Amino acid sequence: MALNYISAAEAASLIKHGYNIGLSGFTPAGTAKAVTAELAKIAEAEHAKGNPFQVGIFTGASTGDSCDGILSRVKAIRYRAPYTTNADFRKAVNNGEIAYNDIHLSQMAQEVRYGFMGKVNVAVIEACEVTPDGKIYLTAAGGIAPTVCRLADQIIVELNAAHSKNAMGLHDVYEPLDPPYRREIPIYKPSDRIGLPYIQVDPKKIVGVVETNRPDEARSFAAADPLTDKIGQNVADFLAADMKRGIIPSTFLPLQSGVGNIANAVLGALGRDKTIPPFEMYTEVIQNSVIGLIREGRVKFGSTCSLTVANDCLNGIYEDMDFFRDKLVLRPSEISNSPEIVRRLGIISINTAIEADLYGNVNSTHISGTKMMNGIGGSGDFTRNAYISIFTCPSVAKEGKISAIVPMISHVDHSEHDVNIIITEQGVADLRGKSPKERAQAIIENCAHPDYKNILWDYLKLTDGKSQTPHALRAALGMHAELAKSGDMKNADWGQYK
């Protein structure tokens, strides 16, 4: 059947108040841009008339400003899951204006399939090509696109000329069966392909194709600085030492790395350390630094959900597809983040913490326990199932007024049972095989900033010292309370708790 080409405004008009829309993409890579921008205009016009207009949004991870940002500003989002990074969306969530469900990224597609979040009315999918028989070729990310395409009543395709048709073939589209029929996911090395290079849908469900030419709203990260370089070097030195003593095989193991400037610094340090052999990545996001390492031969293969790279870097990949075709694969997020595969492949996970406590619990989502930052993302998928799980962070923030090492974290995302290693610019705390008391000593001595070491040791003196996990419960959040009171954790006064 012939494809129906329509404008972005016509496509947006098909989305009604109360609908749930499923979006392609994972980070701003590969997400819809034109239709959501027009949807914001509809919401604004309806609100001006005094009419309600809000939608639920199901995504793979974060999107760009033309989705999360603009829809938040016109108060068009009722519910959204999962991860996000947009400042306007974050403000709306923390003001209680949006019902935000922060879940593990590996679970998003299956929870939609299980019916936990309600019906998918419309899927809006960015593609580099779509065929009359219903083959949709995605762009720079996998996300939850296969699931929302299958479940949606209607599909709108944004055919985006900013993405080269050379992207065709990058993807490996695979959806597992739901219980009780699910089988093993047959990926045994990062380069294995098990699915199709496209999403196959019933062409009758494609109600419109919107032609666009909009580059991804790529986020830039701060350049490396002495602090992030030191954290990166500490990670590389730790992994090289573990390999030298036989903990890590001499062939090394696949890596997962989170998003941001610390992640880039870590990967840069690993790339420079020639004692570490060329390695593979099985991860959720690939950034510019990894593409450089692939070109240099330091990364042999990259399996990911998203190419979260600058647009010039992405265009370079498309132009050099003969080189990259056997070195990259893009997967749906429930496959790129699958706990089953993470454990099977023996992945080393490296993620970023907001804060860690003396016993190895990690908060990666909430500022002072109440204000959402971005969300848990895929860090939990990898951390709990990793061969070695690492968390990195600077030891202090806000010009030293906040310590990342605290007596008790204000929100728990990753428990002490899942966290093996904590690394700051100060050093490395290896928590493997240690009791809680031994962990506390390693974390204070190796990871805490010098300005906070005595404060943390003094906290421990408030405890009875005999408990399996020593805590002075009245004082456990005392540093957070002091931050709220005076703006500086260093002013914490333990005397009031004696």
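Numbering starts at 1 and runs along the sequence shown. The figures here come from the full heavy-atom set of this structure, side chains too, leaving out hydrogens, waters and symmetry mates. Here the structure is a predicted model, which is why all the values come from computation and not from measurement.
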Mind checking what makes side chain to side chain contact (heavy atoms under 4.5 Å, CB included) contact with [X], not counting sequence neighbours?
X     : answer
Ala61 : Phe26, Tyr83, Leu105
Asn95 : Lys91, Glu97
Thr36 : Leu23, Cys67, Leu71

Got a sec, which residues hit ring pair (Phe, Tyr, Trp, His ring centres under 6.0 Å) with [X], two or more places apart in sequence or on another chain?
X      : result
Tyr5   : none
Tyr19  : none
Phe89  : Tyr100
Phe391 : His414

Salt bridge (charged side-chain N to carboxylate O under 4.0 Å, His left out) partners for [X], two or more places apart:
X      : answer
Arg272 : none
Asp229 : none
Asp68  : Arg80
Arg113 : Glu175, Asp178, Glu334

Q) Counting heavy atoms not belonging to Lys75, are there more than 12 under 6.0 Å from its NZ? A) no
Q: Just grab all the side-chain hydrogen bond (donor to acceptor under 3.5 Å, both in side chains) pairs involving residues 249-260, residues at least two apart or on different chains.
A: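 For residues 249-260: Gln256-Asn351.
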